[in-house]
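Inspection log for the structure reproduced underneath, given as structure tokens.
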Amino acid sequence: MFKIINIGKMKADTIGIFAGTLCLVHCVATPFIFIAKACASTCCSAAPTWWKWIDYLFIVVSFIAIYYATKNSNKRWIQIALWGAWTVLLFTIINEAIVMLVLPESFIYYPALSIVALHLYNRRYCTCQEDKCCAN
């Protein structure tokens with residue numbers, strides 16, 4: 001009944017770009033939504049739990065997209081940069097929950113934008129044309 005999707009055959013970079021863009025929209029919208037909510041009522045201005053869990057959904061989707069994008073990439077530096085940006089994004093999201101370091105709220109935009117830009121570059125210049133990748 002359910003068809004298993006083989007993401008390796010799909011465009012992992014396209015999925016990564018889409019997920020990264022949605023992540024950025026989520027990050028940009030959050031302050032505006034909760035400022036409006038705080039102005040409307042004096043209590044409960046914190047983000048609801050389900051809204052915070054969207055961050056973790058984006059991390060999982062971006063992990064899968066980066067995994068398949070780097071599998072099919074023919075440039076080693078792109079692979080390292082994608083994983084590095086993902087690691088910084090993961091750290092930033094975890095740090096937001098447990099506050100290991102004090103970071104500006106806008107810091108999350110840097111790894112998220114980096115992931116989108118690297119996926120765009122990888123899609124344009126680094127994707128192998130065959131079923132088997134020419135890298136490694």
Side-chain angles (χ1 to χ4, degrees):
M1 180 168 182
F2 292 104
K3 184 179 177 182
I4 297 175
I5 298 173
N6 184 354
I7 197 166
K9 298 287 183 191
M10 297 173 71
K11 298 289 183 191
D13 287 315
T14 303
I15 293 168
I17 293 164
F18 182 70
T21 303
L22 283 178
C23 178
L24 286 169
V25 168
H26 169 75
C27 292
V28 169
T30 298
F32 295 110
I33 290 170
F34 295 108
I35 287 171
K37 185 177 177 183
C39 292
S41 65
T42 57
C43 71
C44 308
S45 62
T49 305
W50 65 268
W51 186 262
K52 292 177 184 178
W53 279 98
I54 292 175
D55 292 340
Y56 300 105
L57 175 66
F58 286 130
I59 281 293
V60 170
V61 171
S62 65
F63 177 88
I64 294 167
I66 289 172
Y67 174 78
Y68 284 103
T70 55
K71 246 176 100 168
N72 296 317
S73 180
N74 62 12
K75 296 213 185 308
R76 182 78 177 141
W77 73 268
I78 279 286
Q79 296 169 349
I80 293 168
L82 278 166
W83 284 118
W86 184 86
T87 303
V88 173
L89 183 63
L90 176 65
F91 171 78
T92 305
I93 288 172
I94 291 171
N95 184 59
E96 197 172 280
I98 61 175
V99 190
M100 295 179 284
L101 295 172
V102 177
L103 296 173
E105 290 291 325
S106 61
F107 185 80
I108 199 164
Y109 299 127
Y110 298 114
L113 282 170
S114 297
I115 289 172
V116 172
L118 289 165
H119 272 299
L120 284 167
Y121 184 86
N122 191 51
R123 183 172 171 230
R124 177 82 169 126
Y125 299 108
C126 307
T127 304
C128 295
Q129 300 300 320
E130 305 169 1
D131 285 340
K132 293 183 179 181
C133 188
C134 50
N136 302 332

**OP:** Would you check, one step at a time, whether the test side-chain contact (heavy atoms from CB on, under 4.5 Å) holds for Asp55 with Ile59?
**Re:** CA-CA 6 Å; Asp55 292 340; Ile59 281 293; 5.9 Å; no

**OP:** Take Gln79 and Lys71 through the side-chain contact (heavy atoms from CB on, under 4.5 Å) test and state the conclusion after the steps.
**Re:** CA-CA 8 Å; Gln79 296 169 349; Lys71 246 176 100 168; over 6 Å; no

**OP:** For the pair Leu103 and Phe91, evaluate side-chain contact (heavy atoms from CB on, under 4.5 Å) and give the outcome as yes or no after the intermediate values.
**Re:** CA-CA 11 Å; Leu103 296 173; Phe91 171 78; 4.2 Å; yes

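Here the OG1-CD1 distance, from Thr87 to Ile66, works out to 8.5 Å after rounding to the nearest 0.5 Å. Note that OG1 of Thr92 and CD1 of Ile108 are 6.0 Å apart. Values are rounded to the nearest 0.5 Å. In this structure, Arg123 CZ and Ile78 CD1 are separated by 14.0 Å, a value rounded to the nearest 0.5 Å. Rounded to the nearest 0.5 angstrom, Thr70 OG1 and His119 NE2 are separated by 8.5 Å.
Note: Trp86 and Trp83 have perpendicular aromatic rings, judged against thresholds of 30 and 60 degrees for the angle between ring planes.
Within a 6.0 Å sphere centred on OH of Tyr110, other residues, nucleotides and ligands contribute 12 heavy atoms or fewer. Within a 6.0 Å sphere centred on OH of Tyr67, heavy atoms belonging to other residues, nucleotides or ligands number 12 at most.
Using a 4.5 Å heavy-atom cutoff, the side chains of Leu89 and Ile115 are in contact. Residues Phe107 and Val88 meet the side-chain proximity criterion, which asks for heavy atoms closer than 4.5 Å.
Judged by distance alone, with hydrogens and angles left aside, the side-chain atoms of Ser73 form no donor-acceptor pair with the main-chain N or O of Ala69 at under 3.5 Å.
With hydrophobic clusters built from ILVMFWY side chains whose heavy atoms lie under 4.5 angstrom apart, Val102 does not share a cluster with Ile94. Cluster annotation: Ile80 and Trp77 are assigned to distinct hydrophobic clusters (Ile/Leu/Val/Met/Phe/Trp/Tyr, side-chain heavy-atom contacts under 4.5 Å, transitive). Leu101 and Ile93 fall within a single hydrophobic cluster, where Ile, Leu, Val, Met, Phe, Trp and Tyr side chains are chained together by heavy-atom contacts under 4.5 Å.
Smallest separation of non-hydrogen atoms from Ser114 and Ala85: CB-CB, 4.0 Å.
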